Enquirer: 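Could you have a look at this structure, given as structure tokens, before my questions?
Only a predicted model underlies this, so the values are computations on that prediction, with no experimental measurement involved.
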Amino acid sequence: MEKRSDSKISIAVIGCGEQAVENLLPSLMQIDSASIVALCDIDETKAAKAARSFRNAHVFKDYKDMFSKLKLDAVVLAGPPQMHFDVAQLALRNDKHVFVEKPPTV
């Protein structure tokens, strides 16, 4: 997927637990060309709390709903390994770049 030089990479983070909040999100915030546009977690409270650091970021409980409503360039999967395969497969089928937190999948 080619990125226009005048735009940021729109990223959604799926899974807003400790690893995402303590490590992944702070790292992503250091990338000037990255824009966190959505946070998704089955516990919507966790997603909303993580979204406080990102102006205009959308909060979702359902990743399928998120994919249908937003134009994303990439997703970061930081949920439990049991969800990695299904979510990554959907993202890849929709031409999204995918980062899967280890372990990659069961």
Enquirer: Mind listing the closest non-hydrogen atom pair of A20 and G15 along with its distance?
Expert: CB-O, 3.2 Å

Enquirer: Which class fits the ring pair Y63 and F67: parallel under 30°, tilted 30 to 60°, perpendicular over 60°?
Expert: perpendicular

Enquirer: Taking P103's backbone N and O only, do any of them form a donor-acceptor pair with H84's side chain (distance below 3.5 Å, no angle check)?
Expert: yes

Enquirer: Could you go through the side-chain contact (heavy atoms from CB on, under 4.5 Å) check for L77 and E101 one step at a time?
Expert: CA-CA 6 Å; L77 304 182; E101 179 58 23; 5.9 Å; no

Enquirer: So F60 and E44, do their side chains get closer than 4.5 Å, heavy atoms only?
Expert: no

Enquirer: Report yes if the side chains of F99 and L24 come closer than 4.5 Å at any heavy-atom pair, otherwise no.
Expert: yes

Enquirer: Taking the side chain as every heavy atom from C-beta outward, state whether L28 and I36 have any atom pair closer than 4.5 Å.
Expert: yes

Enquirer: Determine whether a donor-acceptor pair (N or O, by modelled atom type, separation under 3.5 Å) exists between the side chain of K61 and the backbone of D43.
Expert: no

Enquirer: Please say whether more than 12 non-hydrogen atoms of neighbouring residues, nucleotides or ligands are located less than 6.0 Å from CD in E18.
Expert: no

Enquirer: Side-chain heavy atoms under 4.5 angstrom apart, residues restricted to Ile, Leu, Val, Met, Phe, Trp, Tyr: same cluster for V75 and V37?
Expert: yes

Enquirer: For the backbone of I9 and the side chain of S33, can you confirm whether one donor and one acceptor N or O come within less than 3.5 Å of each other?
Expert: no

Enquirer: Any side-chain heavy-atom pair from V76 and I11 closer than 4.5 angstrom?
Expert: yes

Enquirer: Are any non-hydrogen side-chain atoms of H97 and L92 less than 4.5 angstrom apart?
Expert: no

Enquirer: Determine whether a donor-acceptor pair (N or O, by modelled atom type, separation under 3.5 Å) exists between the side chain of D41 and the backbone of C16.
Expert: yes

Enquirer: Treating Ile, Leu, Val, Met, Phe, Trp and Tyr as nodes and any side-chain heavy-atom pair under 4.5 angstrom as an edge, say whether I14 and F85 lie in one connected cluster.
Expert: no

Enquirer: Hey, does the side chain of N94 reach the backbone of K96 with a donor-acceptor pair shorter than 3.5 angstrom?
Expert: no

Enquirer: How close do A57 and A38 get, heavy atom to heavy atom, and via which atoms?
Expert: CB-N, 4.4 Å

Enquirer: Do you reckon I42 sits in the same ILVMFWY cluster as V87, going by side-chain contacts under 4.5 Å, direct or chained?
Expert: no

Enquirer: Taking M83 as the starting point, is it possible to reach M66 by hopping between hydrophobic residues whose side chains are less than 4.5 Å apart?
Expert: yes

Enquirer: Measure across L39 and A47 and return the closest heavy-atom pair with its distance rounded to 0.1 Å.
Expert: O-CB, 3.7 Å

Enquirer: Rounded to the nearest 0.5 Å, what's the gap from CG on L90 to NZ on K64? Could you check?
Expert: 7.5 Å

Enquirer: Under 3.5 Å, is there a donor-acceptor pair between the side chain of S10 and the main chain of D73?
Expert: yes

